[in-house]
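Before any comments, here is the structure.
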Amino acid sequence: MYDVIVVGAGPGGSSTAGFLAKKGFKVLLLDRAKFPRDKTCGDGISGRSVQVLSELGALEHFKDVEHQDMYGVTFSSPEGVVVPISATKSKNSPPPGFVCRRFVFDNVLFEHAKRLGAEAIEEFLVTDLIMENGYVVGVKGRHEGKEKEFRAKVVVGADGAGGITARKLGAYNDDESHQAAAVRAYYEGVEGMEDKIELHFVKESLPGYFWIFPLPNKRANVGIGMLVSEMKKKKINLVKTMEKIIQENPMFKERFKNAKRISPVKSWILPLGSKRVKNYGNGYVLVGDASSLIDPFSGEGIGNALTSGKIASEVIAKALEEGDVSEARLAEYHKRLFDLIGDELNTNYNMQRLGRFEFLLNLVIRKAQRSREIQEEISRALLNPQEHKKFVKLDFYLKVLLA
Ligand SMILES: Cc1cc2nc3c(=O)[nH]c(=O)nc-3n(C[C@H](O)[C@H](O)[C@H](O)COP(=O)(O)OP(=O)(O)OC[C@H]3O[C@@H](n4cnc5c(N)ncnc54)[C@H](O)[C@@H]3O)c2cc1C
């Protein structure tokens, strides 16, 4: 009997398990994979992630592994204007984010959760939830060819997009207008990369973007993402579109001239936070992608997975101490999480919708290239998600027009 079973050891699961184990609870962390394992991702670790990693005591462990510090974002518009924006508080401040292959990143976090006291079983495939008297009381699964069951006072679903826990609990986001699809591959020998992640709103990638996230030794995580509903409506093949951009777009064909793809192209789904699912109930909560928390504009999900893990651990800890793991008690998790990120998700959903207008992207990026004031506005917003609100207000576009 455990206090908490966490299904899935990605950022959402390892952070929940780590925070709870740190508080002294008996935690079992299960994952179907053997670590280290890959996860299809852009590998961009934002300021929000850095904050939670630091609170968990995990940040220092990234100093010793392969990663690339990042100091801002380079944007480009459909008409080909490029503008690099710094996102540092001052000249000597630490990097606000970094790029780290998930093969490496998730393993560091998984090892950290174990060091904090979580018991872990790899290659354990959870196949079902155990329900009693309307409560989730454990999980069933397969490990080393045998059927096994474990019981706990609370089960945390952290099994990512397409996972079993959200499906079993009726919380799965299968709405194609609130899901993105993305493909990514690793390249070697990409020219012209600097200390910034690159988001390119090239014509071929709209409504979505093409990214280049720099890694050490001229390697890069390269990909493209788009809303599933739009992709299907326009019959877009993401792999072919990415190849076309790399081979034909004048902004990239020179940069990729000597580059070599060093991995297969992989695709995966992104459940977006523009759709809110019920992520708590009697004896359970859902975190990260299982709770559909990905930023609808940027596609960033690691920060919200870590944040949801942190808040879930705090609410679960209190619920366990009070001996009440009912839906009513665990509802505090949903409330606290959306009090913190709800507004931002709504705003960024509106930004995603505005981003479909090519002329707006052209206008903002063209003006940003010329105006220090607009650059500073964007830079502040990169550092502080609360400031995203201005991008969906008329005032901002008037300021842009006058800049
Ligand atoms: C192409 C692409 C690019 C992206 N780029 C970025 C980016 O640059 N930055 C960013 O912040 N976000 C990005 N995201 C989003 C990010 O990858 C996710 O939001 C993040 O991984 C969510 O973490 P998680 O812990 O909720 O789930 P996951 O990382 O998916 O982890 C889920 C874990 O559960 C395990 N699991 C699944 N089913 C079971 C089962 N039945 N039994 C046991 N274990 C199970 C899996 O093995 C896995 O380890 C991207 C996503 C995609 C698809």
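Note that ligands are numbered from 1 as they come in the structure, with each ligand's atoms numbered from 1 the same way.
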Side-chain touch Phe62/Val50, heavy atoms, less than 4.5 angstrom: no
Phe252 and Phe256 aromatic ring geometry - parallel, tilted or perpendicular at 30°/60° bounds: perpendicular
Geometric class of the Tyr349/His178 ring pair [parallel <30°, tilted 30-60°, perpendicular >60°]: tilted
Geometric class of the Phe105/Phe98 ring pair [parallel <30°, tilted 30-60°, perpendicular >60°]: tilted
Protein residues having a heavy atom less than 4.0 Å from any atom of ligand 1: Gly8, Ala9, Gly10, Pro11, Gly12, Asp31, Arg32, Arg37, Lys39, Thr40, Cys41, Gly42, Asp43, Gly44, Arg102, Phe124, Leu125, Val126, Ala158, Asp159, Gly160, Ile164, Ala182, Trp211, Phe213, Trp268, Leu270, Gly288, Asp289, Ile294, Gly299, Glu300, Gly301, Ile302, Ala305
Listed once per pair and sorted, the ring-ring contact (aromatic ring centres under 6.0 Å, His included) pairs that draw on residues 264-296, sequence neighbours left out: Tyr280-His334
Exercise: do Arg372 and Gln375 side chains pair donor with acceptor under 3.5 Å: yes
